[in-house]
Amino acid sequence: MADYVLQAKGITKSFGAFKAVDTVDLDIEKGEIHAMIGPNGAGKTTCFNLLTGDLPLTSGTIHLEGRNISGMSMDRIARRGLVRSYQISSIFPDFTVLNNVRFALQRKRGQSLDFWRSERTLDDLNARALELLEDLGLADVAGERAAELSYGKKRALEIATTLALDPSVLLLDEPTSGMGREDIGRVVDLIRKVAKGRTVLMVEHNLSVVEGLCDRITVLARGQVIARGRYAEVAKDPLVVEAYLGAAHA
Amino acid sequence: MTLADMKQMTPSHPMAETALHPLGFSRARFILFVVTALAVVIAPFVLYPIFLMKIYCFIIFAVAYNLLLGYTGLMSFGHAAFWGMGAYLTAYSAANWGFGFEAALLTGTVTGAALGLIFGLVAIRRTGLYFAMITLALAQMVYFICLQSPFTGGEDGVQGVPRGSLLGLVDLNNDWNLYWLVGTILLGTIILSNRVVHSPFGQVLRAIRNNPARAKSLGYNVDRYKLCAFVMSAALAGFAGGLKAIIFQIATLTDVSTVASTEAVLITLVGGIGTIFGPAVGSIIVLSLEHYLAPFGPWVMFTQGVVFVFFVLVFRKGLLGEFQSYFKTSL
């Protein structure tokens with residue numbers, strides 16, 4: 001399987017008679033930024049949920065770096081280096097912003113069953129956590145309760161937390177949704193920066209972001225792949241124009 | 001605030017804490033600990049020591065319960081099983097196997113832990129109401145077994161439990177000796193709970209309470225942490241039940257009935273879930289009400305109900321929980 005870091009074969013998810021994801025194949029090359037696009041309800045997020053183990057597969061197989069991860073639990077998959085962010089920001093609301101990120105760093109260090117030492121032993125992770133917060137423009141709110149952040153900053157915090165795990169494959173579910181233009185620019189720069197040395201798969205609605213950022217795209221509609229390739233090629237595909245771009249570019 | 005300042009800062013809790021005191025307490029918690037220690041020293045000269053020891057046992061029981069409800073976010077309705085079986089096995093091993101104080105108490109603790117492991121393995125994958133219902137059902141099964149098996153002495157309970165002596169040196173039949181020992185154990189338990197809650201492990205528990213799905217997607221084996229917390233809590237509850245059996249020299253069906261589970265919930269909620277000292281405050285309030293209203297018979301239950309409703313409506317976070325929010329510190 002050559003240089004495919006993440007490879008899905010015929011993955012399917014049925015909810016009763018409804019196939020949310022229908023025999024989808026994905027080949028994600030090592031080091032690329034790959035976007036999954038498609039109209040609402042196309043099954044993009046469900047696809048993500050299958051790849052990360054949030055949802056069990058109905059059928060199909062998933063390989064991460066050549067190893068079969070189908071049916072593994074979400075936390076095991078995460079420990080193998082495939083980590084995601086969520087469409088609806090998933091943070092620890094009662095923690096400070098800094099502690100949100102630090103909590104991810106703590107897992108990497110692996111002393112989390114230590115119930116006898118003080119949590120102060122985690123303080124030496126603060127510097128690295130702050131670096132990540134600086135990258136996402138959150139350093140000035142490091143001491144605040146995460147619940148009190150604005151929507152856009154919660155998104156940024158979630159990405160910082162995800163990056164803290166230094167994943168080899170990063171799955172971003174609509175990283176720029178709900179963000180202002182300025183924040184979008186920042187996140188795009190950031191994704192480009194963090195993509196060095198790792199693989200990024202993202203769901204994204206903002207096509208100008210996709211065009212500027214992504215190496216290859218896969219287009220989903222009604223649970224199936226209808227096109228894949230470089231943005232310029234795919235954008236001309238009549239199926240895609242009809243299913244998706246048609247609405248936006250008509 | 002500059003970035004350099006921030007790197008120095010250690011906001012390990014939403015409300016950033018100041019310097020760390022001996023024994024791992026923050027300043028606010030250290031003050032409360034000193035107050036508690038003073039109260040333990042002064043109280044037996046004012047109040048009946050046996051009653052005080054009962055309160056202390058329930059504090060330890062509630063500390064155990066709070067570790068689960070307050071810090072991990074798991075609502076158990078079955079803690080009577082750990083407390084009650086801890087009491088039974090401590091009492092039985094002391095009365096019938098000739099176990100000394102330490103060995104009997106250890107037996108009760110291990111019983112609690114073992115039962116906790118069984119309950120945990122069955123219930124831990126469920127959340128919220130389902131988790132509560134499974135723990136309740138299992139605890140009812142334990143109650144039924146206790147009701148039917150001969151070793152519990154049925155309605156009579158296990159009676160005449162010898163208190164023995166501490167390390168063969170200090171005679172625990174003397175109420176004062178026993179009091180100082182139980183008081184010390186109480187203070188030790190509070191130190192222990194503070195350490196566990198404010199450790200890297202405690203950090204994971206709080207994260208799980210906050211957002212279990214995200215903890216899992218960050219690579220934490222959430223079920224395993226929950227199980228660890230559950231077994232710890234059950235072991236401590238068994239220990240507390242055993243201590244009570246030694247003090248009162250009896251273990252009865254009441255200890256293993258839903259009454260005991262309700263007591264744990266009530267104390268924890270009244271005192272303030274997710275606070276180190278909430279169980280102490282809650283136990284004092286709940287047990288004092290029971291004790292001083294006892295002459296009024298059935299009105300105890302009624303008053304308890306009123307108090308509970310009052311707390312839920314007025315102090316939703318419990319007494320210390322409200323103080324905690326008001327003073328913006330972690331207690």
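Throughout, a chain's letter reflects where its sequence line sits, starting with A, and its residues are numbered from 1.
Here the closest heavy-atom approach between residue F103(A) and residue Y220(B) is recorded as O-OH, 2.6 Å. The minimum heavy-atom distance linking M74(A) with A213(B) is given by the pair CE-O, 4.1 Å. Closest non-hydrogen pair, D75(A) versus N221(B), comes out as OD2-CA, 3.2 Å.
Of all residues spanning residues 155-162 of chain A, those with a heavy atom less than 4.5 Å away from chain B's heavy atoms are E158(A), T161(A), T162(A), arranged by number.
Residue contact with chain A, scored on non-hydrogen atoms closer than 4.5 Å, is absent for R209(B). I77(A) does not touch chain B: none of its heavy atoms, backbone or side chain, sits under 4.5 Å away. Using a 4.5 Å cut-off between heavy atoms, A215(B) touches chain A through backbone and side chain atoms alike.
Taking 4.5 Å as the limit, every side-chain heavy atom of S217(B) sits out of range of all side-chain heavy atoms of T52(A). Between F92(A) and R206(B) there is no side-chain heavy-atom pair separated by less than 4.5 Å.
Atom CZ in R84(A) sits 11.5 Å away from atom CG in L218(B) (nearest 0.5 Å).
Checked by atom type and distance alone, the side chain of R79(A) pairs as donor or acceptor with a backbone atom of G219(B) at under 3.5 Å.
Shown here is F323(B), whose CZ atom has no more than 12 heavy atoms of other residues, nucleotides or ligands within 6.0 Å. Within 6.0 Å of the OH atom in Y151(A), the count of heavy atoms belonging to other residues, nucleotides or ligands exceeds 12.
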